[in-house]
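Here's the structure we're looking at; comments come further down.
Fair warning: this is a prediction, and the values are worked out from it, not measured in the lab.
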Amino acid sequence: MTFTCLNDKNSFYHGLSDEILPEFTESLKRKGNRIYFLTKNISERSLNVENIIQDIFRIRMPKQSTLTILIPDILLVNLSQQRLGNLLEQLKQDATARNITIAVWLYGSLATSLKPALMTYSHLLAGLATLTAVSPNKYQYHIAFWANRQGVRADETCLMNREAAGEFIVLPSSKAASTSRIKTDAAQSHIVLSKEALNDREQPTEPLKLMPSNQAALNESEYPGSTTLILGCDSPGMIRQLAIDCYRFRQKNGPQPNLIIRETRQCLRYSDEAFLLKAGVNLIVPHHLPFARLMSQAEAIQHQVLVRSLPEDIEALLSFDLRYENRGYLENQAFSQYCHQVMQRSTPSQLRFALVKLSLLPGMTADECLRLCHLRRNGDVVTACHDALYVLFSAIRQTDIHTALNNIFDFPVRDLFRNVRIIHSHHDTEQELKTIVEQAVCVSASAEHISMEAHQVSERSAARPEVVSLFAVSKPIQLQGES
């Protein structure tokens, strides 16, 4: 096998511990007799996947051998549909002409988004499969189609466990067992509502079964298969136990009942919602949605069946209840290490993260900008370089990034920084972390402390002494003749 990586060697090995590195290198040499990496001297702007593939085919390879190409997702995500088709056509022609097998491995958080585009070029591919993490040691392997001399396999899914020694073991299929438990009951809908899901002065008029608490609703001995349970959540302290109870209910009753969590007070973070979905919850309703719309949502999901894979046990479920310890300023090397931890956890949990580069204005220093930054949420960290600040949001929706940025600075971000760049792919984050370590800058202890403040804006502004503003502020001008 000839192994080629469309990334430089330092980036490929970046993040591996000293204990794992020798074993990993030895394994790679054992599997592939020739290994090639991208030169680190190539600039990001001149990085062109078509040109790199042409360079790879200058390598002399024996017939009936395998060429493995490891490609970061970001290099193909930005290709147009036509360029992607031309690239696949080129790979097919070269494989046929050389009588070799070409295996293309795409990696990164955006890799699965390329699957629909690749399916349109199925006539150029011998097979297409995806491997996604369900839990830290459990993976789902889906074969869209795969052709060999024995025939074609299509639309098959299996679960695999990664053992302590690193091997993947295919788990026995439970599809037949789960489908046998599903019974059609389309004649009548059964909705069970916990009183904990009701706000003050809400009186349900719908014909439904009212239970005194979440626990009472979940502990009912038997429900029809088409039952929908509506449970309430009004504080962060309820989330962990609620997820465990929903998981146990799902294990007992199978995939057919529907579970809805209604937020009666704003208490769920993005990571909490992902945790509850991992526990087998079908739908999470935000606090501002009125009761009438809640019932419409409940009716809309009637007779649906949960097809998501559940963690194998409660311990695996609790691994998705992510606790973020760090908040505020981190020194550059510690910031880089923390980013690697977040990226590793984001894949099985399927939580999005964002690394934001804030380029400083001329004349501004990192210290001055850090004094205006106040991170209040665990998991959000910041570090400083010579010409920029870097903020990492450990778990955030992409649509909330600009709102979050404006909430952590005393002034609008567009007025405080020259440029804002949002990085959310693993490949681009790896590249930027090298710059963060190389361009590290020391900041004062007072600036570090301010960035970790957890006070609300009103409390902070009331306690802050009068200082001269660094920026112009709007002030009405009194015209002549006005009193």
*Does Q81 CD have over 12 foreign heavy atoms under 6.0 Å away?*
yes
_CZ (R414) with more than 12 external heavy atoms under 6.0 Å_ = no
*Side-chain contact test, heavy atoms from C-beta onward, threshold under 4.5 Å: evaluate it for L361 versus L416 and give yes or no.*
no
*To the nearest 0.5 Å, how far apart are OH in Y390 and CD1 in I423?*
6.5 Å
*Do side-chain atoms of R308 reach the backbone of L277 as a donor and acceptor pair under 3.5 angstrom?*
yes
*Between T4 and T68, is there a donor-acceptor pair closer than 3.5 Å when you use the side chain of the first and the backbone of the second?*
yes
*With I74, which of H426, H424, H427 fulfils side chain to side chain contact (heavy atoms under 4.5 Å, CB included)?*
H427
*For C385 and A366, which heavy atoms make the closest approach, and how far apart are they?*
O-CB, 4.1 Å
*Would you say the side chains of Q241 and D245 form a donor-acceptor pair under 3.5 Å?*
yes
_Strictly below 4.0 Å, N to O, side chains only: are E50 and R83 in salt-bridge contact?_
yes
*Would you please indicate if the ring centroids of F409 and F417 are separated by under 6.0 Å?*
yes
_Any donor-acceptor pair under 3.5 Å from N148 side chain to Q150 backbone_ = yes
*side-chain hydrogen bond (donor to acceptor under 3.5 Å, both in side chains) between N7 and E430: does it pass, once the steps are laid out?*
CA-CA 11 Å; N7 208 337; E430 288 278 4; over 6 Å; no
*Could you walk me through whether N407 and H374 pass the side-chain hydrogen bond (donor to acceptor under 3.5 Å, both in side chains) test, one step at a time?*
CA-CA 9 Å; N407 286 339; H374 309 279; over 6 Å; no
_Checking the side chain of D272 only, and the main-chain atoms of R269 only, is there a donor and an acceptor separated by less than 3.5 Å?_
yes
*asked:* Tell me if the CD atom of Q64 is crowded by more than 12 foreign heavy atoms within 6.0 Å.
replied: no
*For this output row, return yes or no: ring centroids of F3 and Y36 closer than 6.0 angstrom.*
no
*To the nearest 0.5 Å, how far apart are NE2 in H303 and OG1 in T228?*
8.0 Å
*Atom pair CD1 (I436) and CD (Q431), whose distance is rounded to the nearest 0.5 Å*: 12.0 Å
*Where do I100 and P62 come nearest, in terms of heavy atoms and distance?*
CG2-O, 3.5 Å
*Judged by atom type as modelled, is there a donor-acceptor pair below 3.5 Å linking the side chain of T429 to the main-chain atoms of S425?*
yes
*Short question: side chain of N282, backbone of I260 - any donor-acceptor pair under 3.5 Å?*
no
*Minimum side-chain heavy-atom gap V281-E273 below 4.5 Å*: no
*Would you say the side-chain atoms of N332 and Q439 include a donor-acceptor pair closer than 3.5 Å?*
no
_Let me confirm one number: the OH-CE distance from Y141 to M160, rounded to the nearest 0.5 Å._
7.0 Å
*Quick one: do the T403 and D400 side chains pair a donor with an acceptor below 3.5 Å?*
no
*Can any side-chain N or O of E331 pair as donor or acceptor with the backbone N or O of F335 at less than 3.5 Å?*
no
*Distance-minimising heavy-atom pair for L84 and A117*: CD2-CB, 3.8 Å
*With the threshold set at 4.0 Å, does a side-chain nitrogen-carboxylate oxygen contact exist between D380 and R377?*
yes
_Interatomic distance, R250 atom CZ to Y247 atom OH [nearest 0.5 angstrom]_ = 12.0 Å
*asked:* Between F37 and F12 (judged by ring centroids, cut-off 6.0 Å), do the two rings come close enough to count as a pair?
replied: yes
*Electrostatic pair E89-K92, nearest N-O below 4.0 angstrom*: no
